[in-house]
Amino acid sequence: MKNSREQWGSRLGFILAASGSAVGLGNIWKYPHMAGQNGGAAFTVVYLLCILIVGLPILLGELAIGRKTQLSPVGAFNKLSNLSNWKWVGFLGVASAFVILSFYGVVGGWTLKYTLFALSGGFNSLSGSPDLSSQIFTEFIGSSFQPIFWQLIFMSFCMGIIIKGVKSGIEGGAKIMMPLILIILGLLVFKGLSLEGGKKGLEFLFKPKFSDLNPSSIVMALGHAFFTLSLGMGTMITYGSYLDEKQNLFTSAIWIILLDTFIAMLAGTAIFTIVFAMGADPSAGAGLIFVVLPTIFPQIGGGAIWGTLFFFILFMAALTSAISILEVITAYFIDEKGWSRNKATLLFGGIISIVGVFCSLSLGEFNIAALLDISFFDFLDELSSKYMLPIGGALTALFILSKWSVKTFLTELLIGVKELKLDKSLLNSILQILLIVSSLVVGLIIINELFDLLFNQSLQKLAGF
Ligand code: PHE
(Lines give C-alpha, C1' and ligand atoms only; values in the text may rest on other atoms or scores of the structure.)
Protein backbone atom coordinates (compact mmCIF):
# COMPACT_ATOMS: atom_id res chain seq x y z
CA MET A 1 0.00 0.00 0.00
CA LYS A 2 1.35 3.43 -0.91
CA ASN A 3 1.42 5.98 1.92
CA SER A 4 -0.37 9.22 1.08
CA ARG A 5 2.23 11.96 1.07
CA GLU A 6 2.15 14.77 3.60
CA GLN A 7 2.61 18.38 2.46
CA TRP A 8 3.82 21.50 4.24
CA GLY A 9 1.02 23.47 5.86
CA SER A 10 2.17 26.85 4.54
CA ARG A 11 4.88 28.55 2.52
CA LEU A 12 6.25 30.25 5.62
CA GLY A 13 6.33 26.89 7.38
CA PHE A 14 8.35 25.38 4.55
CA ILE A 15 10.82 28.27 4.48
CA LEU A 16 11.30 28.09 8.23
CA ALA A 17 11.78 24.31 8.12
CA ALA A 18 14.28 24.48 5.25
CA SER A 19 16.20 27.34 6.80
CA GLY A 20 16.04 25.45 10.09
CA SER A 21 17.87 22.66 8.33
CA ALA A 22 20.41 25.10 6.96
CA VAL A 23 20.95 27.02 10.19
CA GLY A 24 22.84 24.76 12.54
CA LEU A 25 26.16 24.15 14.20
CA GLY A 26 27.70 25.28 10.91
CA ASN A 27 26.40 28.83 11.39
CA ILE A 28 26.89 29.40 15.08
CA TRP A 29 29.89 27.25 15.81
CA LYS A 30 31.90 26.95 12.58
CA TYR A 31 31.35 30.16 10.58
CA PRO A 32 32.38 32.73 13.20
CA HIS A 33 35.77 31.23 13.93
CA MET A 34 36.44 30.40 10.28
CA ALA A 35 35.69 33.96 9.21
CA GLY A 36 37.58 35.46 12.12
CA GLN A 37 40.73 33.50 11.32
CA ASN A 38 40.65 33.64 7.54
CA GLY A 39 40.52 37.28 6.69
CA GLY A 40 37.28 38.57 8.22
CA ALA A 41 35.15 40.26 5.58
CA ALA A 42 37.50 39.01 2.86
CA PHE A 43 36.51 35.44 3.82
CA THR A 44 32.87 36.45 4.04
CA VAL A 45 32.94 37.87 0.51
CA VAL A 46 34.41 34.61 -0.86
CA TYR A 47 31.90 32.59 1.17
CA LEU A 48 28.99 34.63 -0.21
CA LEU A 49 30.28 34.18 -3.76
CA CYS A 50 30.47 30.41 -3.19
CA ILE A 51 26.92 30.43 -1.86
CA LEU A 52 25.63 32.31 -4.90
CA ILE A 53 27.61 30.53 -7.59
CA VAL A 54 27.67 26.97 -6.25
CA GLY A 55 25.07 26.89 -3.48
CA LEU A 56 22.13 28.58 -5.21
CA PRO A 57 22.01 26.42 -8.38
CA ILE A 58 22.36 23.18 -6.42
CA LEU A 59 19.78 24.30 -3.85
CA LEU A 60 17.36 25.12 -6.69
CA GLY A 61 18.22 21.78 -8.31
CA GLU A 62 17.47 19.78 -5.17
CA LEU A 63 14.20 21.60 -4.48
CA ALA A 64 13.04 21.14 -8.08
CA ILE A 65 13.93 17.43 -8.16
CA GLY A 66 12.04 16.88 -4.92
CA ARG A 67 8.96 18.81 -5.91
CA LYS A 68 8.77 17.32 -9.38
CA THR A 69 8.94 13.71 -8.19
CA GLN A 70 7.26 14.08 -4.79
CA LEU A 71 9.78 11.51 -3.62
CA SER A 72 12.85 11.35 -1.39
CA PRO A 73 16.31 11.12 -3.08
CA VAL A 74 16.57 7.45 -4.11
CA GLY A 75 13.08 7.31 -5.61
CA ALA A 76 13.50 10.80 -7.08
CA PHE A 77 16.67 10.00 -9.03
CA ASN A 78 15.20 6.65 -10.02
CA LYS A 79 12.06 8.24 -11.40
CA LEU A 80 13.75 11.04 -13.34
CA SER A 81 16.45 8.80 -14.80
CA ASN A 82 14.15 5.91 -15.76
CA LEU A 83 15.59 3.49 -13.25
CA SER A 84 19.23 3.98 -14.20
CA ASN A 85 22.31 4.09 -11.98
CA TRP A 86 21.63 7.68 -10.92
CA LYS A 87 19.68 6.24 -8.00
CA TRP A 88 23.09 5.69 -6.37
CA VAL A 89 23.35 9.45 -5.89
CA GLY A 90 20.23 9.05 -3.75
CA PHE A 91 21.77 6.17 -1.82
CA LEU A 92 24.89 8.27 -1.28
CA GLY A 93 22.61 10.88 0.29
CA VAL A 94 21.02 8.37 2.63
CA ALA A 95 24.49 7.13 3.60
CA SER A 96 25.70 10.72 4.21
CA ALA A 97 22.70 11.33 6.43
CA PHE A 98 23.63 8.28 8.46
CA VAL A 99 27.25 9.40 8.80
CA ILE A 100 26.51 13.05 9.64
CA LEU A 101 23.81 12.40 12.20
CA SER A 102 26.06 9.96 14.07
CA PHE A 103 28.46 12.73 15.10
CA TYR A 104 26.02 15.66 14.88
CA GLY A 105 23.91 13.98 17.58
CA VAL A 106 26.94 13.83 19.86
CA VAL A 107 27.56 17.60 19.55
CA GLY A 108 23.81 18.13 19.96
CA GLY A 109 24.16 16.38 23.31
CA TRP A 110 26.99 18.70 24.33
CA THR A 111 24.81 21.75 23.59
CA LEU A 112 22.13 20.40 25.93
CA LYS A 113 24.63 19.68 28.69
CA TYR A 114 26.13 23.19 28.36
CA THR A 115 22.70 24.84 28.42
CA LEU A 116 22.00 23.21 31.78
CA PHE A 117 25.57 23.81 32.96
CA ALA A 118 25.10 27.54 32.30
CA LEU A 119 21.64 27.59 33.87
CA SER A 120 22.90 26.04 37.08
CA GLY A 121 25.53 28.80 37.40
CA GLY A 122 28.31 26.30 36.66
CA PHE A 123 30.18 28.79 34.43
CA ASN A 124 30.92 30.95 37.51
CA SER A 125 33.73 28.68 38.60
CA LEU A 126 35.32 28.99 35.13
CA SER A 127 35.37 32.79 35.06
CA GLY A 128 38.61 34.02 33.51
CA SER A 129 40.22 30.53 33.51
CA PRO A 130 40.46 29.15 29.97
CA ASP A 131 42.79 26.34 31.09
CA LEU A 132 40.33 25.04 33.65
CA SER A 133 37.47 25.41 31.16
CA SER A 134 39.41 23.50 28.54
CA GLN A 135 40.20 20.74 31.03
CA ILE A 136 36.55 20.43 32.07
CA PHE A 137 35.36 20.33 28.46
CA THR A 138 37.97 17.73 27.41
CA GLU A 139 37.16 15.58 30.42
CA PHE A 140 33.44 15.82 29.69
CA ILE A 141 33.59 14.88 26.01
CA GLY A 142 36.11 12.11 26.69
CA SER A 143 34.17 10.46 29.51
CA SER A 144 32.19 7.31 28.88
CA PHE A 145 28.84 8.02 30.41
CA GLN A 146 27.85 11.71 30.48
CA PRO A 147 28.14 12.73 26.81
CA ILE A 148 26.34 9.54 25.76
CA PHE A 149 23.53 10.26 28.16
CA TRP A 150 23.07 13.76 26.63
CA GLN A 151 23.47 12.46 23.09
CA LEU A 152 20.67 9.96 23.67
CA ILE A 153 18.41 12.68 25.03
CA PHE A 154 19.17 14.86 22.00
CA MET A 155 18.44 11.96 19.64
CA SER A 156 15.16 11.27 21.47
CA PHE A 157 14.05 14.87 20.83
CA CYS A 158 15.00 14.41 17.22
CA MET A 159 13.05 11.15 16.83
CA GLY A 160 10.10 12.58 18.77
CA ILE A 161 9.75 15.42 16.23
CA ILE A 162 10.18 13.19 13.17
CA ILE A 163 7.58 10.72 14.41
CA LYS A 164 5.05 13.55 14.56
CA GLY A 165 5.43 13.97 10.80
CA VAL A 166 6.09 16.74 8.32
CA LYS A 167 3.44 19.27 9.28
CA SER A 168 3.04 18.98 13.01
CA GLY A 169 6.55 17.69 13.70
CA ILE A 170 9.12 19.33 11.42
CA GLU A 171 7.14 22.41 10.44
CA GLY A 172 5.58 22.89 13.88
CA GLY A 173 9.01 22.66 15.52
CA ALA A 174 10.63 25.07 13.07
CA LYS A 175 7.83 27.61 13.52
CA ILE A 176 8.62 27.79 17.22
CA MET A 177 12.38 27.36 17.20
CA MET A 178 13.43 29.57 14.26
CA PRO A 179 11.78 32.77 15.54
CA LEU A 180 13.19 32.04 19.00
CA ILE A 181 16.70 31.67 17.56
CA LEU A 182 16.36 34.99 15.74
CA ILE A 183 14.99 36.86 18.75
CA ILE A 184 17.54 35.51 21.21
CA LEU A 185 20.44 36.09 18.82
CA GLY A 186 19.19 39.64 18.30
CA LEU A 187 19.25 40.17 22.09
CA LEU A 188 22.75 38.71 22.33
CA VAL A 189 23.98 41.02 19.56
CA PHE A 190 22.44 43.96 21.36
CA LYS A 191 24.12 42.94 24.60
CA GLY A 192 27.48 42.40 22.88
CA LEU A 193 27.40 45.78 21.16
CA SER A 194 26.47 47.54 24.37
CA LEU A 195 29.54 46.21 26.17
CA GLU A 196 32.54 48.53 26.26
CA GLY A 197 35.05 47.50 23.60
CA GLY A 198 32.55 45.19 21.93
CA LYS A 199 32.69 47.07 18.65
CA LYS A 200 36.27 45.88 18.14
CA GLY A 201 34.74 42.46 17.59
CA LEU A 202 32.88 43.85 14.57
CA GLU A 203 36.14 44.97 13.09
CA PHE A 204 37.67 41.53 13.61
CA LEU A 205 34.78 39.83 11.86
CA PHE A 206 33.92 42.32 9.16
CA LYS A 207 37.00 44.35 8.26
CA PRO A 208 38.47 42.87 5.06
CA LYS A 209 41.98 41.54 5.56
CA PHE A 210 42.81 40.22 2.13
CA SER A 211 46.33 39.33 3.24
CA ASP A 212 44.88 36.65 5.57
CA LEU A 213 43.03 35.03 2.71
CA ASN A 214 44.85 32.09 1.15
CA PRO A 215 43.88 29.25 -1.22
CA SER A 216 43.05 26.96 1.65
CA SER A 217 40.61 29.49 3.10
CA ILE A 218 38.93 29.65 -0.29
CA VAL A 219 38.57 25.87 -0.32
CA MET A 220 37.23 26.10 3.21
CA ALA A 221 34.66 28.71 2.20
CA LEU A 222 33.41 26.48 -0.59
CA GLY A 223 33.14 23.37 1.56
CA HIS A 224 31.33 25.37 4.17
CA ALA A 225 28.86 26.72 1.62
CA PHE A 226 27.73 23.12 1.09
CA PHE A 227 27.57 22.16 4.71
CA THR A 228 25.75 25.27 5.85
CA LEU A 229 23.05 25.02 3.17
CA SER A 230 22.57 21.28 3.89
CA LEU A 231 23.37 20.46 0.27
CA GLY A 232 24.65 17.32 -1.38
CA MET A 233 22.73 14.66 0.50
CA GLY A 234 19.17 15.15 -0.60
CA THR A 235 17.88 17.05 2.44
CA MET A 236 16.47 19.71 0.16
CA ILE A 237 15.14 17.05 -2.26
CA THR A 238 13.26 15.52 0.65
CA TYR A 239 11.95 18.87 1.92
CA GLY A 240 11.11 19.90 -1.66
CA SER A 241 9.08 16.72 -2.09
CA TYR A 242 6.53 17.99 0.44
CA LEU A 243 5.92 21.14 -1.66
CA ASP A 244 3.06 21.75 -4.03
CA GLU A 245 3.15 23.45 -7.40
CA LYS A 246 2.00 26.81 -6.12
CA GLN A 247 5.38 27.56 -4.55
CA ASN A 248 7.90 29.81 -6.21
CA LEU A 249 11.15 27.89 -5.82
CA PHE A 250 13.33 30.90 -6.73
CA THR A 251 12.09 33.12 -3.96
CA SER A 252 12.04 30.22 -1.49
CA ALA A 253 15.69 29.45 -2.23
CA ILE A 254 16.66 33.11 -1.83
CA TRP A 255 14.87 33.27 1.52
CA ILE A 256 16.65 30.15 2.76
CA ILE A 257 20.02 31.57 1.74
CA LEU A 258 19.30 34.99 3.23
CA LEU A 259 18.15 33.59 6.57
CA ASP A 260 21.08 31.19 6.76
CA THR A 261 23.61 33.93 6.01
CA PHE A 262 21.95 36.50 8.24
CA ILE A 263 21.97 34.13 11.22
CA ALA A 264 25.63 33.25 10.65
CA MET A 265 26.49 36.98 10.69
CA LEU A 266 24.40 37.61 13.79
CA ALA A 267 26.07 34.70 15.58
CA GLY A 268 29.52 35.99 14.60
CA THR A 269 28.64 39.48 15.82
CA ALA A 270 27.26 38.25 19.14
CA ILE A 271 30.27 36.04 19.80
CA PHE A 272 33.05 38.44 18.81
CA THR A 273 31.63 41.55 20.45
CA ILE A 274 31.47 39.65 23.74
CA VAL A 275 34.90 38.06 23.24
CA PHE A 276 36.56 41.43 22.47
CA ALA A 277 34.77 43.32 25.21
CA MET A 278 36.09 40.79 27.73
CA GLY A 279 39.58 40.71 26.25
CA ALA A 280 39.43 36.95 25.55
CA ASP A 281 41.37 35.16 22.82
CA PRO A 282 39.43 35.48 19.54
CA SER A 283 41.60 32.95 17.73
CA ALA A 284 40.73 29.98 19.89
CA GLY A 285 39.23 28.30 16.81
CA ALA A 286 36.87 25.41 17.30
CA GLY A 287 37.20 25.65 21.10
CA LEU A 288 35.86 29.19 21.09
CA ILE A 289 32.32 28.19 21.95
CA PHE A 290 32.66 25.41 24.47
CA VAL A 291 35.90 26.57 26.08
CA VAL A 292 36.26 30.36 25.81
CA LEU A 293 32.65 31.55 26.04
CA PRO A 294 31.95 29.79 29.39
CA THR A 295 34.89 31.69 30.90
CA ILE A 296 33.60 35.11 29.85
CA PHE A 297 29.83 34.86 30.32
CA PRO A 298 30.20 35.11 34.13
CA GLN A 299 32.00 38.43 33.63
CA ILE A 300 29.12 40.22 31.96
CA GLY A 301 26.03 41.37 33.85
CA GLY A 302 23.41 38.59 34.00
CA GLY A 303 26.00 36.20 32.61
CA ALA A 304 24.21 33.01 33.68
CA ILE A 305 21.13 34.02 31.70
CA TRP A 306 23.08 35.09 28.60
CA GLY A 307 25.14 31.91 28.73
CA THR A 308 22.03 29.76 29.04
CA LEU A 309 20.33 31.58 26.18
CA PHE A 310 23.38 31.20 23.97
CA PHE A 311 23.69 27.45 24.44
CA PHE A 312 19.93 27.06 24.17
CA ILE A 313 19.92 28.60 20.68
CA LEU A 314 22.87 26.41 19.75
CA PHE A 315 20.79 23.42 20.89
CA MET A 316 17.73 24.53 18.88
CA ALA A 317 19.80 25.23 15.77
CA ALA A 318 21.40 21.77 16.05
CA LEU A 319 17.98 20.17 16.54
CA THR A 320 16.28 21.76 13.51
CA SER A 321 19.22 20.54 11.40
CA ALA A 322 19.38 17.08 12.95
CA ILE A 323 15.70 16.43 12.21
CA SER A 324 16.24 17.27 8.54
CA ILE A 325 19.04 14.70 8.43
CA LEU A 326 16.93 11.97 10.05
CA GLU A 327 14.01 12.82 7.75
CA VAL A 328 16.13 11.87 4.69
CA ILE A 329 16.49 8.34 6.06
CA THR A 330 12.93 8.03 7.36
CA ALA A 331 11.47 9.27 4.07
CA TYR A 332 13.53 6.71 2.13
CA PHE A 333 12.06 3.81 4.10
CA ILE A 334 8.54 5.24 3.88
CA ASP A 335 8.72 5.94 0.12
CA GLU A 336 10.71 2.98 -1.08
CA LYS A 337 9.97 0.23 1.43
CA GLY A 338 6.45 1.22 2.45
CA TRP A 339 7.39 1.30 6.15
CA SER A 340 5.41 3.28 8.69
CA ARG A 341 6.95 6.57 9.89
CA ASN A 342 7.18 5.23 13.43
CA LYS A 343 9.05 2.10 12.46
CA ALA A 344 11.52 3.89 10.15
CA THR A 345 12.25 6.65 12.65
CA LEU A 346 12.67 4.46 15.70
CA LEU A 347 14.73 1.78 14.01
CA PHE A 348 17.13 4.10 12.19
CA GLY A 349 17.17 6.80 14.84
CA GLY A 350 18.11 3.95 17.21
CA ILE A 351 20.87 2.57 14.99
CA ILE A 352 22.34 6.04 14.43
CA SER A 353 22.31 6.66 18.17
CA ILE A 354 24.32 3.46 18.66
CA VAL A 355 26.88 4.50 16.03
CA GLY A 356 26.93 7.89 17.77
CA VAL A 357 27.84 6.17 21.03
CA PHE A 358 31.01 4.88 19.35
CA CYS A 359 31.70 8.38 18.04
CA SER A 360 31.46 9.80 21.49
CA LEU A 361 33.58 7.04 23.01
CA SER A 362 36.26 7.66 20.38
CA LEU A 363 36.97 11.04 21.99
CA GLY A 364 38.01 9.20 25.14
CA GLU A 365 39.52 5.80 25.68
CA PHE A 366 37.75 3.68 23.13
CA ASN A 367 38.44 4.68 19.52
CA ILE A 368 37.32 2.15 16.95
CA ALA A 369 39.11 4.14 14.23
CA ALA A 370 42.45 4.06 16.07
CA LEU A 371 44.12 2.45 13.08
CA LEU A 372 43.40 5.54 10.98
CA ASP A 373 45.20 7.74 13.46
CA ILE A 374 42.18 9.96 14.05
CA SER A 375 39.14 9.60 16.27
CA PHE A 376 36.07 7.89 14.83
CA PHE A 377 34.29 11.20 15.47
CA ASP A 378 36.72 13.20 13.28
CA PHE A 379 36.74 10.43 10.71
CA LEU A 380 32.97 10.67 10.18
CA ASP A 381 33.09 14.48 10.22
CA GLU A 382 35.82 14.64 7.56
CA LEU A 383 34.36 11.84 5.47
CA SER A 384 31.04 13.62 5.20
CA SER A 385 31.93 17.29 4.91
CA LYS A 386 35.04 16.91 2.79
CA TYR A 387 33.92 14.11 0.49
CA MET A 388 30.36 12.85 0.69
CA LEU A 389 28.48 16.18 0.57
CA PRO A 390 30.57 17.82 -2.17
CA ILE A 391 30.51 14.62 -4.26
CA GLY A 392 26.73 14.34 -3.80
CA GLY A 393 26.30 18.00 -4.78
CA ALA A 394 28.53 17.77 -7.85
CA LEU A 395 26.73 14.60 -8.99
CA THR A 396 23.37 16.34 -8.58
CA ALA A 397 24.61 19.16 -10.83
CA LEU A 398 25.92 16.60 -13.35
CA PHE A 399 22.63 14.74 -13.24
CA ILE A 400 20.75 17.89 -14.20
CA LEU A 401 23.24 18.76 -16.93
CA SER A 402 23.51 15.35 -18.52
CA LYS A 403 20.33 13.45 -17.76
CA TRP A 404 17.40 15.56 -16.65
CA SER A 405 18.37 18.52 -18.86
CA VAL A 406 18.58 22.16 -17.87
CA LYS A 407 15.49 22.86 -19.98
CA THR A 408 13.23 20.51 -18.01
CA PHE A 409 14.81 21.77 -14.79
CA LEU A 410 13.94 25.33 -15.76
CA THR A 411 10.39 24.36 -16.71
CA GLU A 412 9.96 22.86 -13.24
CA LEU A 413 11.47 25.96 -11.62
CA LEU A 414 9.13 28.27 -13.48
CA ILE A 415 6.01 26.55 -12.19
CA GLY A 416 4.78 28.82 -9.45
CA VAL A 417 6.62 31.87 -10.82
CA LYS A 418 3.95 34.41 -11.67
CA GLU A 419 5.99 36.94 -13.53
CA LEU A 420 9.36 36.21 -15.12
CA LYS A 421 11.56 39.29 -15.33
CA LEU A 422 14.40 37.65 -17.24
CA ASP A 423 14.37 36.23 -20.73
CA LYS A 424 13.83 32.46 -20.52
CA SER A 425 16.68 31.47 -22.77
CA LEU A 426 19.05 33.79 -20.90
CA LEU A 427 18.01 32.15 -17.65
CA ASN A 428 18.57 28.75 -19.22
CA SER A 429 22.13 29.71 -20.15
CA ILE A 430 22.85 31.21 -16.73
CA LEU A 431 21.67 28.03 -15.00
CA GLN A 432 23.69 25.89 -17.35
CA ILE A 433 26.87 27.89 -16.75
CA LEU A 434 26.37 27.92 -12.99
CA LEU A 435 25.84 24.16 -12.91
CA ILE A 436 28.92 23.52 -15.04
CA VAL A 437 31.01 25.84 -12.88
CA SER A 438 29.73 24.21 -9.66
CA SER A 439 30.50 20.70 -10.77
CA LEU A 440 33.93 21.69 -12.06
CA VAL A 441 34.91 23.65 -8.97
CA VAL A 442 33.68 20.95 -6.63
CA GLY A 443 35.34 18.25 -8.73
CA LEU A 444 38.66 20.11 -8.52
CA ILE A 445 38.39 20.52 -4.79
CA ILE A 446 37.68 16.85 -4.26
CA ILE A 447 40.64 15.87 -6.42
CA ASN A 448 42.75 18.29 -4.40
CA GLU A 449 41.58 16.78 -1.11
CA LEU A 450 42.19 13.25 -2.33
CA PHE A 451 45.63 14.24 -3.53
CA ASP A 452 46.33 15.74 -0.15
CA LEU A 453 45.09 12.62 1.59
CA LEU A 454 46.98 10.14 -0.55
CA PHE A 455 50.24 11.98 -1.13
CA ASN A 456 50.16 14.50 1.68
CA GLN A 457 50.66 17.17 -0.95
CA SER A 458 47.84 19.34 -2.19
CA LEU A 459 47.68 20.59 -5.76
CA GLN A 460 47.72 24.19 -4.65
CA LYS A 461 51.04 23.59 -2.85
CA LEU A 462 52.44 21.87 -5.94
CA ALA A 463 51.32 24.80 -8.06
CA GLY A 464 53.42 26.98 -5.79
CA PHE A 465 50.75 29.11 -4.05
N1 PHE B 1 23.35 22.86 7.57
C2 PHE B 1 23.64 22.26 8.83
C3 PHE B 1 24.53 23.20 9.63
O4 PHE B 1 24.88 24.26 9.20
C5 PHE B 1 24.25 20.91 8.72
C6 PHE B 1 23.60 19.95 7.77
C7 PHE B 1 24.35 19.36 6.76
C8 PHE B 1 22.25 19.64 7.90
C9 PHE B 1 23.75 18.52 5.85
C10 PHE B 1 21.64 18.78 6.97
C11 PHE B 1 22.41 18.22 5.96
O12 PHE B 1 24.90 22.89 10.73
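Start at 1 and go down the list; that is how both ligands and their atoms are numbered. Here the structure is a predicted model, which is why all the values come from computation and not from measurement.
In this model, no donor atom of one side chain and acceptor atom of the other lie less than 3.5 Å apart for Thr235 and Ser21. Side-chain contact of Thr238 with Tyr332: a donor-acceptor pair under 3.5 Å is absent, judged by distance alone. The closest side-chain donor-acceptor pair between Arg11 and Thr251 falls under 3.5 angstrom. Glu171 and Gln7 share no donor-acceptor pair across their side chains, judged by distance under 3.5 Å alone.
Checked against a 3.5 angstrom limit, the closest N/O atoms of Ile325 and ligand 1 fall outside it. When only interatomic distances are considered, the shortest N/O to N/O separation between Thr235 and ligand 1 does not fall below 3.5 Å. The distance criterion of under 3.5 Å between nitrogen or oxygen atoms is met by Gly26 with respect to ligand 1. Checking only distances, Leu231 never comes within under 3.5 Å of ligand 1, N or O to N or O. Residue Ser321 has no N or O atom closer than 3.5 Å to an N or O atom of ligand 1.
Annotation for ligand 1: atoms under 4.0 Å from non-hydrogen atoms of Asn27 are 4 (O). Per-residue contacts place Ala22 under 4.0 angstrom from the following atoms of ligand 1 (heavy atoms of the residue considered): 1 (N), 2 (C), 3 (C), 4 (O).
For Lys403 and Phe399, the positive end is not near the middle of the six-membered ring at less than 6.0 Å and at most 45° from its axis.
Counting protein heavy atoms only, atom 7 (C) of ligand 1 is closest to Phe227 O, 3.6 Å. In this structure, the protein non-hydrogen atom closest to atom 2 (C) of ligand 1 is Ser21 O, 3.4 Å.
Aromatic rings from Phe311 and Phe290 are positioned such that their centres are separated by under 6.0 Å. Note: Trp306 and Phe297 fail the aromatic proximity criterion, with ring centroids not under 6.0 Å apart.
A side-chain contact (heavy atoms from CB on, under 4.5 Å) with Ile415 is found for one member of Lys68, Gln247, Glu245 and no other, namely Glu245.
Contacts with ligand 1 closer than 4.0 Å are made by side-chain heavy atoms of Tyr104 only, the backbone lying farther away. Of the heavy atoms in Ser324, only side-chain atoms (C-beta onward) come closer than 4.0 Å to ligand 1. Here Ser230 has heavy atoms under 4.0 Å from ligand 1 in both its backbone and its side chain. By the criterion of a heavy-atom distance under 4.0 Å, neither the backbone nor the side chain of Lys30 is placed next to ligand 1.
Between Phe137 and Phe140, the ring-plane angle classifies as tilted under the 30° and 60° cut-offs.
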